[in-house]
Number of protein chains: 2
Amino acid sequence: MTLIERCEKDVPDLIKKAAEKEPIAPEQLSKMIEKGRVVIPNNPIHDPDPKPIGKGLKVKVNANIGTSKDHSDIDVEMEKLRMAEKYGADAVMDLSTGGDIDEVRQRVIENTDLPVGTVPIYQCGLLKARKSSLVDMTSDEMFNSIRKHASEGVDFVTVHCGVTKATVESLKESGRLTDVVSRGGSFLAGWILHNQEENPLYEEFDYLLEIAREYDLTLSLGDGLRPGSIEDATDRPQIQELIKLGELVKRSRDSGVQAMVEGPGHVPLDQVSTNVKIQKELCDDAPFYVLGPLVTDFAPGYDHIAGAIGGALAAYKGADFLCYVTPAEHLGLPDVEDVKKGVIGSKIAAHAADIARGIDRDVDKEISRARRELDWDNMFDNVVDPEKAKRVRDEKNVADEEDGEDVCSMCGDVCAIKMVEEYFR
Amino acid sequence: MTLIERCEKDVPDLIKKAAEKEPIAPEQLSKMIEKGRVVIPNNPIHDPDPKPIGKGLKVKVNANIGTSKDHSDIDVEMEKLRMAEKYGADAVMDLSTGGDIDEVRQRVIENTDLPVGTVPIYQCGLLKARKSSLVDMTSDEMFNSIRKHASEGVDFVTVHCGVTKATVESLKESGRLTDVVSRGGSFLAGWILHNQEENPLYEEFDYLLEIAREYDLTLSLGDGLRPGSIEDATDRPQIQELIKLGELVKRSRDSGVQAMVEGPGHVPLDQVSTNVKIQKELCDDAPFYVLGPLVTDFAPGYDHIAGAIGGALAAYKGADFLCYVTPAEHLGLPDVEDVKKGVIGSKIAAHAADIARGIDRDVDKEISRARRELDWDNMFDNVVDPEKAKRVRDEKNVADEEDGEDVCSMCGDVCAIKMVEEYFR
């Protein structure tokens, strides 16, 4: 039985455990899973810690790791994984495209209690590209790659089922600035155009659901046609694909398969709220997994900041799961330090959204109480990166006898907090 | 005659120059200045480039520089100034509190064409504190410090006129978590409590207006009681002070003195829009100059990101001028690298807001067009930090013969853009 089916009968232990850290009772959470408003990616072969994603819950963060052709050191990937865990990622996706892809994936699954996601079409396409061309992938090969990942314990997979003959047609007519920026989306769009056939992942979606049921695999319905620039945001191809994804959410739920929906991408601030609302409506409140979104195209090198802005607003408006963006986005493969910066950017965004939705406010209260008391140690214990906060303070502060050690080098002896202590209390 | 008065008669050359880079005609801009909806900090003694701040214009960014007791090297301040200019700050405030404060300020004014702001009460209070105690400042000393700064060419000054007996009383009754975090605010709150007298900057506001008229000094009405934590956001003391600032905006305008209003601080995402709207209403659309705002207290070391999130949303909702927050906030005095990061964070926020308000979209279009064409040089020319973008790409990419030099190490030979080129065009 899949998790959805188990929730129909009872409140499984997994749900009880998941509810512990969420502002929701286990019974309610179970109902939300049953209705598909919340997903918990959990392939029993891997059985990671439950990280429920969806309506009313704490916003979750995903970190993409993985090799590429130019950077394929497995040890580096293990470091990225540890870094993602250390700074509070709730899931990791292994997007490896270089070196021994199987080995990396297996090592990631073995070495983390976080849910692990993959995009099986990458490996499938690459294997084919080495022999002939991506567009020669067969339907069987696509499904077999998904089955292989699931059988090894992958908890959720991105499947670009919404890239269809019809949506590709919509794309061709749209006159987009940046046609397709999703890698998986480009594989399938290329495949459709070359073969003049329908996307097997769409046409044989029932078969995909069979595989998903077998491993209780969570589907992350990919947005292969997501906008890749501010100019293209919220255009016809994007929404056309989203309509299809909404249909597939329903079919997934009807089959007892958990499904979430991926979203953009590049979205100007004035369209972020609309993007969340249209997804929630078209997909009947399925969990929304956004990439960023980036609120400008002009921040390569700092896209973790552009993504934090978009992610915070999206999550406040109802997005449930933030895929991080690192400073390396648009420039190259993220390294370990990029992973750290990406996770921290998204954690700040997720936490800001939680605060705004009335969840998880005690952390900030504790930090500010400590700050008022110039209790630096307690403040540092609760911040997003205690090591960095402590290091910066140590570096910047030359305590002398007059100042004592309690103030900081910004104000020194004219510290506002000390002034208030003196005259106010 | 002050700029407001000159705009009543004619369209001054300064306004014509200012309008060149804005989505507004000189005549309209002149009217907006006259009505006080836009300010251009410009003390004729300094006569910096005009940077109009206010309704319908491009969002502007301020960088705070300045020494403290522990870090008082003038050359470092000159480096900070150059860094702020390089990454696109529209104004700098010299908040020096250490070393030769006069010398730093004069050097800053001499060496920049950006408008320069200061907070004269810092120097006034510090001089007094060295001799006896801050609370011994006399009214004359406060005004003389403002006059001194103005006479040297300072273009705008923060004056904490809204910290009054009544607002301090409101503060005492409020049970705030973090009472006063504004340094100038704490000076004046301490002064009021100790002396049991009214704030001279409020009580003798007409005298302040006389000085401002004399030098055509722009007043930045400080929010000495701004919330210093998420918990305290949008509380009675904050709004009580804002009501007072609204009165003073009117009095400034009636006297031909340009005035803008400073705002928080720490504000959760769900209150950002409200904060902008209440300011615009209570202050009759006076330009709104916000510090961040920070959307969480838990990001010391990364407050440039927390500030970029809040700043982007605030500016999209109508805030006009973003005071940057650096990664050093809450920890120590920012160094040169912090200044760079702070300016870039705020520029991303300001630009994101401009895009969302329909201004300045061509930059992103050009960048994305270049990206589609894998025209890296043209892309880099237009991004927020061309040097960094280029460096990251160079470091991360090991071009080989097969890939060519056009792709990046993220996807290498399975670049989505190349896929599309191959099958789509």
Side-chain angles (χ1 to χ4, degrees), chain A residues 68-70 97 177-181 183 186 190 193-194 229-231 268-270 295-302 305-306 308-309 312 316 331-333 344-345 348 351-352 355-356 363-365 367-368 372 383-385 388-389 392-393 396-398 408-412 416 419-420 423-424, chain B residues 68-70 177-181 183 186 190 193-194 229-231 268-270 295-302 305-306 308-309 312 316 331-333 344-345 348 351-352 355-356 363-365 367-368 372 383-385 388-389 392-393 396-398 408-412 414 416 419-420 423-424:
Chain A
S68 75
K69 192 178 166 208
D70 297 337
T97 59
L177 179 58
T178 47
D179 304 287
V180 182
V181 297
R183 201 158 31 172
S186 76
L193 287 165
H194 177 83
S229 58
I230 290 295
E231 187 68 16
L269 266 179
D270 59 309
V295 292
T296 169
D297 307 342
F298 102 136
Y302 302 87
I305 298 180
I309 294 171
Y316 165 47
L331 299 171
L333 193 76
I344 287 174
I348 292 171
H351 183 60
I355 291 171
V363 177
D364 292 62
K365 219 167 158 176
I367 290 167
S368 290
R372 182 187 62 189
V383 304
V384 66
D385 183 356
K388 181 176 180 194
V392 172
R393 177 166 153 75
K396 288 188 188 294
N397 290 280
V398 196
C408 89
S409 63
M410 174 82 103
C411 307
M419 282 294 296
V420 169
Y423 295 103
F424 204 69
Chain B
S68 74
K69 194 180 163 203
D70 297 338
L177 179 58
T178 47
D179 303 287
V180 182
V181 296
R183 201 157 33 173
S186 76
L193 287 165
H194 177 83
S229 58
I230 290 295
E231 187 68 15
L269 266 179
D270 59 309
V295 293
T296 169
D297 306 342
F298 103 136
Y302 301 88
I305 298 179
I309 295 171
Y316 165 48
L331 299 171
L333 193 77
I344 287 173
I348 292 171
H351 183 60
I355 291 171
V363 178
D364 292 61
K365 218 166 156 174
I367 290 167
S368 290
R372 181 187 64 188
V383 304
V384 66
D385 183 357
K388 183 177 178 191
V392 172
R393 176 166 154 76
K396 288 189 188 293
N397 290 281
V398 196
C408 90
S409 64
M410 173 84 102
C411 308
V414 286
M419 281 293 297
V420 169
Y423 295 103
F424 205 69

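Here is the naming used below: chain letters follow the sequence lines, and residue numbers restart at 1 for every chain.
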(message) Counting only non-hydrogen atoms closer than 4.5 Å, does A/Ile348 touch chain B with its backbone (N, CA, C, O), its side chain (CB onward), both, or neither?
(response) both
(request) Measure distances from B/Tyr302 to the heavy atoms of chain A and classify the residue's part below 4.5 Å as side chain, backbone, both or neither. (result) both
(request) Tell me, out of B/Ala308, B/Ala389, B/Ala356, who's got the most heavy-atom pairs with chain A below 4.5 Å. (result) B/Ala356
(request) Give, for atom OG1 of A/Thr296 and atom CD1 of B/Ile355, the distance between the pair rounded to the nearest 0.5 Å. (result) 3.5 Å
(request) Look up atom CG in B/Asp297 and atom OG in A/Ser368, then write down how far apart they are to the nearest 0.5 Å. (result) 3.5 Å
(message) Once salt bridge (charged side-chain N to carboxylate O under 4.0 Å, His left out) is applied, do any residues pair with A/Asp385, and if so which ones, sequence neighbours excluded?
(response) A/Lys340
(request) Can you see which heavy atom on B/Ala312 is nearest to which on A/Ile309, and at what distance? (result) CB-CG2, 3.5 Å
(message) So which residue, B/Val392, B/Val363, B/Ile305, ends up with the most heavy-atom pairs under 4.5 Å with chain A?
(response) B/Ile305
(message) Any non-hydrogen side-chain atom of B/Glu231 less than 4.5 Å from a side-chain atom of A/Asp364?
(response) no
(message) Need one label for A/Leu269: side chain, backbone, both or neither, based on atoms under 4.5 Å from any heavy atom in chain B.
(response) both
(request) Examine distances only and state if a side-chain atom of B/Asp179 and a backbone atom of A/Arg372 form a donor-acceptor pair shorter than 3.5 Å. (result) no
(message) I'd like to know if the side chain of A/Asn397 reaches the main chain of B/Leu333, judged simply by a donor and an acceptor atom lying under 3.5 Å from each other, with no hydrogens or angles considered.
(response) no
(request) Determine the minimum heavy-atom distance between A/Gly301 and B/Lys388, stating which atoms define it. (result) O-NZ, 2.8 Å
(message) Is the shortest side-chain heavy-atom distance between B/Leu177 and A/Lys365 below 4.5 Å?
(response) yes
(request) Under 4.5 Å heavy-atom distance to chain A, tell me which part of B/Ile230 shows up: side chain, backbone, both or neither. (result) both
(request) Considering only heavy atoms and a distance below 4.5 Å, find which of A/Gly345, A/Ala352, A/Pro268 pairs most often with chain B. (result) A/Ala352
